[in-house]
Amino acid sequence: MYIVSACLLGENVKYSGGNNLSEEVLRFLENRDYIPVCPEVAGGLRIPRVPCERLGDRVVNRVGEDVTRQFLDGARESIEGVLRRYAVEDIEGAILKANSPSCGHGTVYDGTFTGTLIEGDGVFAETLTALGIKVYNENDIIELIGEKI
């Protein structure tokens, strides 16, 4: 079973009200169990919403509001929802939206809202990694397909 960012599945939960539909992710998930999640919505953020970025241990939006609590709450709500249905050992991995302040893995936007990426993970990706769940982003999907996970 995989945890998947809902925006990658075409759900309109992105900050702008749109989605990040990935045909590669959809192809990978054929004949696999998965659960869509959007930790930002689970944390109470609206659609659409002001764009947010990581700023150290915090998450801030473009107008300077600290929304860290909503991101932490959303990460907790999302993983609790998954764990109500599946044990950690049944989770093969998570395919999350690259660079997101919630779901990014390896790189995230740096909080300056200039498109600058820095090393780091989003709040939800950190939560999953701490539980020992392998985190991928949509750009890793070719690797996943190659491994035939």
Side-chain angles (χ1 to χ4, degrees), residues 1-29 32-88 90-141 143-144:
M1 191 284 297
Y2 284 87
I3 300 167
V4 184
S5 290
C7 64
L8 296 175
L9 301 173
E11 292 187 31
N12 293 326
V13 293
K14 187 175 170 178
Y15 74 90
S16 63
N19 64 67
N20 295 302
L21 178 64
S22 170
E23 294 295 333
E24 293 82 8
V25 170
L26 290 176
R27 271 196 300 279
F28 175 77
L29 293 171
R32 289 183 169 90
D33 291 331
Y34 62 91
I35 293 181
V37 298
C38 180
E40 294 175 25
V41 172
L45 296 173
R46 296 181 317 188
I47 306 164
R49 57 189 166 276
V50 178
C52 301
E53 294 187 0
R54 290 296 305 253
L55 185 60
D57 289 338
R58 298 182 308 131
V59 181
V60 296
N61 66 22
R62 188 184 300 151
V63 296
E65 297 171 321
D66 187 322
V67 290
T68 306
R69 174 58 39 211
Q70 291 93 324
F71 276 73
L72 291 170
D73 289 350
R76 188 190 75 254
E77 279 292 317
S78 294
I79 193 58
E80 286 177 358
V82 170
L83 294 177
R84 279 192 287 275
R85 296 177 58 189
Y86 294 92
V88 170
D90 295 328
I91 302 169
E92 296 175 73
I95 304 171
L96 305 179
K97 178 66 189 116
N99 308 323
S100 158
S102 184
C103 294
H105 178 64
T107 58
V108 292
Y109 292 107
D110 72 349
T112 63
F113 296 91
T114 60
T116 304
L117 292 170
I118 58 170
E119 286 187 24
D121 289 337
V123 175
F124 185 54
E126 287 176 342
T127 300
L128 297 177
T129 300
L131 291 171
I133 297 169
K134 178 71 176 157
V135 176
Y136 303 93
N137 65 49
E138 73 275 18
N139 301 318
D140 298 323
I141 204 67
E143 174 188 337
L144 290 174

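All values reported here derive from a predicted model rather than from experimental measurement. For the numbers below, each heavy atom of this structure counts, side chains included, while hydrogens, waters and symmetry mates do not.
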Any [X] side-chain heavy atom under 4.5 Å of [Y] side chain:
X: Ile141; Y: Arg27; result: no
X: Phe71; Y: Glu40; result: yes
X: Phe113; Y: Val60; result: yes

Identify the two heavy atoms, one from [X] and one from [Y], that lie closest to each other, and give their separation to 0.1 Å.
X: Asn19; Y: Glu11; answer: CB-O, 3.1 Å
X: Val13; Y: Ala6; answer: CG2-CB, 4.1 Å
X: Pro101; Y: Cys52; answer: CG-O, 3.3 Å
X: Arg49; Y: Cys38; answer: NH2-SG, 4.3 Å
X: Leu8; Y: Leu96; answer: CD1-C, 3.8 Å
X: Asn61; Y: Val50; answer: CB-CG1, 3.7 Å

For residues 117-126, dump all side-chain donor-acceptor pairs below 3.5 Å to protein atoms at least two apart in sequence or in another chain.
unit_1: Asp121; atom_1: OD1; unit_2: His105; atom_2: ND1; d: 3.2
unit_1: Asp121; atom_1: OD1; unit_2: Gly106; atom_2: N; d: 2.6

ring-ring contact (aromatic ring centres under 6.0 Å, His included) between Phe28 and Tyr2: does it pass, once the steps are laid out? CA-CA 11 Å; Phe28 175 77; Tyr2 284 87; 5.2 Å; yes
Residues forming a side chain to side chain donor-acceptor pair (under 3.5 Å) with Ser16, sequence neighbours excluded: none
Side chain to side chain contact (heavy atoms under 4.5 Å, CB included) evaluation trace for Leu131 with Ile91: CA-CA 11 Å; Leu131 291 171; Ile91 302 169; over 6 Å; no
Does one side chain, of Ser102 or Ser100, offer a donor that lies under 3.5 Å from an acceptor on the other? no
Stepwise side chain to side chain contact (heavy atoms under 4.5 Å, CB included) test for Asp110 and Glu53: CA-CA 6 Å; Asp110 72 349; Glu53 294 187 0; 3.9 Å; yes
Enclosure of Tyr34 OH (heavy-atom neighbours >12, cutoff 6.0 Å): no
Is there a donor-acceptor pair under 3.5 Å between the side chain of Glu138 and the backbone N or O of Ala98? yes
Take Asp90 and Asp33, measure what side chain to side chain contact (heavy atoms under 4.5 Å, CB included) needs, and give me the verdict at the end. CA-CA 10 Å; Asp90 295 328; Asp33 291 331; over 6 Å; no
CG-CG distance between Leu55 and Asp66, expressed to the nearest 0.5 angstrom: 9.0 Å
If you round to the nearest 0.5 Å, how far is CG of Asn139 from NZ of Lys97? 6.5 Å
Step by step, would you call Thr68 with Val59 a side chain to side chain contact (heavy atoms under 4.5 Å, CB included)? CA-CA 5 Å; Thr68 306; Val59 181; 4.3 Å; yes
